[in-house]
Amino acid sequence: MSYSEDVLKMVTEKNADQPEFIQAVTEVLRSLSHVVDNDPKYQNASILERIVEPERVIIFRVPWVDDNGKVQVNRGFRVQFNSAIGPYKGGLRFQENVNLSIIKFLGFEQIFKNSLTGLPMGGGKGGSDFDAKGKSDREIMAFCQSFMTELYRHIGADTDVPAGDQGVGGREIGFMFGQYKRIRDVYEGVLTGKGLTYGGSLARTEATGYGLLYLTEALVKSKGDTMEGKTCIVSGSGNVAIYAIEKAYQMGARPVTCSDKNGWVYDPDGIDLAALKEIKEVKRARLSTYTDYRPNAEYHDVNFKERTGKGVWTIKGDIGLPCATQNEVLLEDVRQFVAGGGKYYAEGANMPTSPDAIEYLQANGVFYVPGKAANAGGVATSGLEMSQNSMRYGWSFEEVDAKLKDIMVNIFKNIDETARKYGAENDYVTGANIAGFVKVADAMIAQGVV
Ligand code: NDP
């Protein structure tokens, strides 16, 4: 058995109760075989065995009091996966289904994503099984303060810098930053995604969606094609989806779909961005209300768990941009995308596409870019927020946006060239995994057995 297969077997046995983590590790290790199975330096240093094991896993109790005076208890996580190239960096996710497997898969992906940005950031991720839906602002604050009352001792501007993810936006970051500052009595960039009045970066809100489109444009151009007039199939309707739709319009493309946990919208005239922002950012309402704004659009109620073959992917389009959550796109969905003429596919969400669906896309000539490359714009801009905090200075929107674009175009160039170098032209999974890995692995070797 090859070195990479050997390690994969070990990981699968050791983490049998963590399916998402095994899925993420399988994808990465399979594409690393080109590098690690032919170069003894990685095996001699047991780099794979080390890179799949988090440096530290923290699990803690989060007690808080609800509006009825009842004590509630959630479980908090922080996985500090790898600090070879910089302080741990990665978001916090508050969602009822959060568990160790999901946080480990996200933290593992983050190592390679952060490396691809070219910025000095290690990989980490955290969160809680806390569900914000239906909670008052006071309850959210009580939860966030309790969460930080434990987390503060493990993080810091030069140690570990969390950010937002699903369920953690500006409001939650604000409450956690306030509590950190109060306990530690230091004003430092310990969290990113902060509000603009207290150290946040301009363009951070837009960064993941905009970055996704900058990378997609670089991909499309590399094939001698253009974004102008392209129909985009978008899933999700949160932070990533909204700003992906905004930038797609700015590039002359036409996004026609979006979705939430209850259903999806097809608007043949193109998604009404102002209406979408009002529904999701202002009213925090369901997508089912979209047709109040646009009577000609279609809304389809679908239980997400039964969505395969029924959702946004039934609509014909040139570019697929999944922006909701992990494993949201299955084989039946991509069959429809391909049958509808889909040509490009870049992931805004983390691991949204199942392994057999990825294989189908690649086998059918779709140019597929995995999330760790395509959605790196969010963490890249978080890295820029850290730089601005350290300098005690702030760049303009245009400056940050220009740096973001540069980073995304460079990521595409890097994964494209790496894929070619290893004889895997157009295989951007291989390109992204190898390019992200080599930098981290070489840093680990240089730093000795730690
Ligand atoms: P949000 O919480 O803002 O939005 C998520 C969207 O996806 C919402 O429309 C939500 O629906 C929908 N969704 C979530 N879970 C499910 C589910 N199980 N079934 C169907 N729809 C679902 O999150 P973001 O936009 O920030 O994140 C989306 C994805 O992008 C995640 O995978 C995240 O990890 C990834 N990502 C985010 C980055 C960022 O900067 N925000 C950076 C890099 C990656 P509803 O409105 O009903 O909740």
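One is the number of the first residue; the rest follow in order along the sequence. For ligands, and for the atoms within them, numbers begin at 1 and follow the listed sequence.
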State whether any protein heavy atom lies less than 4.0 Å from atom 44 (C) of ligand 1. yes
Where does the angle between the aromatic ring planes of Trp264 and His300 fall among parallel (under 30°), tilted (30 to 60°) and perpendicular (over 60°)? parallel
Determine, using heavy atoms of Gly164 and all atoms of ligand 1, whether some pair is separated by less than 4.0 Å. no
To the nearest 0.1 Å, how far is atom 33 (C) of ligand 1 from its closest protein heavy atom, and which atom is that? Asp165 OD1, 3.5 Å
Below 4.0 Å from ligand 1: does a non-hydrogen atom of Arg286 turn up there or not? yes
Report the relative orientation of the aromatic rings in Phe21 and Phe81; use parallel for angles under 30°, tilted for 30 to 60°, perpendicular for over 60°. tilted
When the ring planes of Phe397 and Tyr210 are compared, do they come out parallel, tilted or perpendicular, using 30° and 60° as the limits? perpendicular
Mind checking the CG-CD1 spacing from Leu151 to Ile58? Nearest 0.5 Å is all I need. 7.0 Å
Establish, for the pair Arg254 and Tyr249, whether the NZ or CZ atom is under 6.0 angstrom from the six-membered ring centre and no further than 45 degrees off its axis. no
Location of contacts on Val240 toward ligand 1, heavy atoms closer than 4.0 Å: both
For ligand 1, which atoms sit closer than 4.0 Å to a heavy atom of Cys323? 28 (C)
Would you call Met351 a ligand 1 contact, heavy-atom distance under 4.0 Å? no
Checking heavy atoms under 4.0 Å, the part of Lys125 that sits near ligand 1 is neither
At under 4.0 Å between heavy atoms, which part of Ser259 makes contact with ligand 1: side chain, backbone, both or neither? backbone
Short list, please: which atoms of ligand 1 are under 4.0 Å from a heavy atom of Lys133? 48 (O)
Would you mind checking which non-hydrogen protein atom is closest to atom 42 (C) of ligand 1, with the distance to 0.1 Å? Thr208 OG1, 3.3 Å
For Asn375, which part has a heavy atom under 4.0 Å from ligand 1: side chain, backbone, both, or neither? both
May I ask you to identify, for Ser235, whether its side chain, its backbone, both or neither come under 4.0 Å of ligand 1 on a heavy-atom basis? neither
I need the nearest protein heavy-atom contact for atom 32 (O) of ligand 1: residue, atom name and distance, please. Asn350 N, 3.2 Å
Winner among Ala376, Gly167, Ala349, Ala324 once heavy atoms are compared against atom 5 (C) of ligand 1: Ala324
Give the atom numbers and elements of ligand 1 that come within less than 4.0 Å of a heavy atom of Lys280. 46 (O)
Take the angle between the ring planes of Tyr428 and Phe412 and call it parallel below 30°, perpendicular above 60°, tilted in between. tilted
Where do Asn82 and Glu55 come nearest, in terms of heavy atoms and distance? CA-OE2, 3.3 Å
Might you work through the ring pair (Phe, Tyr, Trp, His ring centres under 6.0 Å) test for Tyr180 and Tyr152, ending with a clear yes or no? CA-CA 6 Å; Tyr180 178 87; Tyr152 86 92; 7.1 Å; no
Could you walk me through whether Phe175 and Phe147 pass the ring pair (Phe, Tyr, Trp, His ring centres under 6.0 Å) check? CA-CA 10 Å; Phe175 291 147; Phe147 187 85; over 10 Å; no
Which residue supplies the protein heavy atom nearest to atom 18 (N) of ligand 1, what is that atom called, and how far is it? Thr325 CG2, 3.7 Å
Ligand 1 contact on Arg204 by region, counting heavy-atom pairs under 4.0 Å: side chain
Who's the nearest protein heavy-atom neighbour of atom 20 (C) of ligand 1, and how far? Phe304 CD1, 3.0 Å
Just let me know how Arg93 lines up against ligand 1, side chain, backbone, both or neither, with a heavy-atom cut-off below 4.0 Å. side chain
For atom 4 (O) of ligand 1, what's the nearest protein heavy atom and its distance? Gly238 CA, 3.2 Å
Residue Lys135 excluded, over 12 heavy atoms near NZ under 6.0 Å: yes
Donor-acceptor contact below 3.5 Å, side chain Thr381 vs main chain Gly377: yes
Using only atom types and a distance under 3.5 Å, with no angle test, would you say the side chain of Asn375 pairs donor to acceptor with the backbone of Thr208? no
Residue Asn262 excluded, over 12 heavy atoms near CG under 6.0 Å: yes
Short N/O distance, under 3.5 Å, between Asn239 and ligand 1? yes
Angle between ring planes, Trp313 versus Phe337, binned at 30° and 60°: parallel, tilted or perpendicular? perpendicular
Which is closest to atom 21 (N) of ligand 1 by heavy-atom distance: Lys261, Glu347, Glu328, Gln166? Lys261
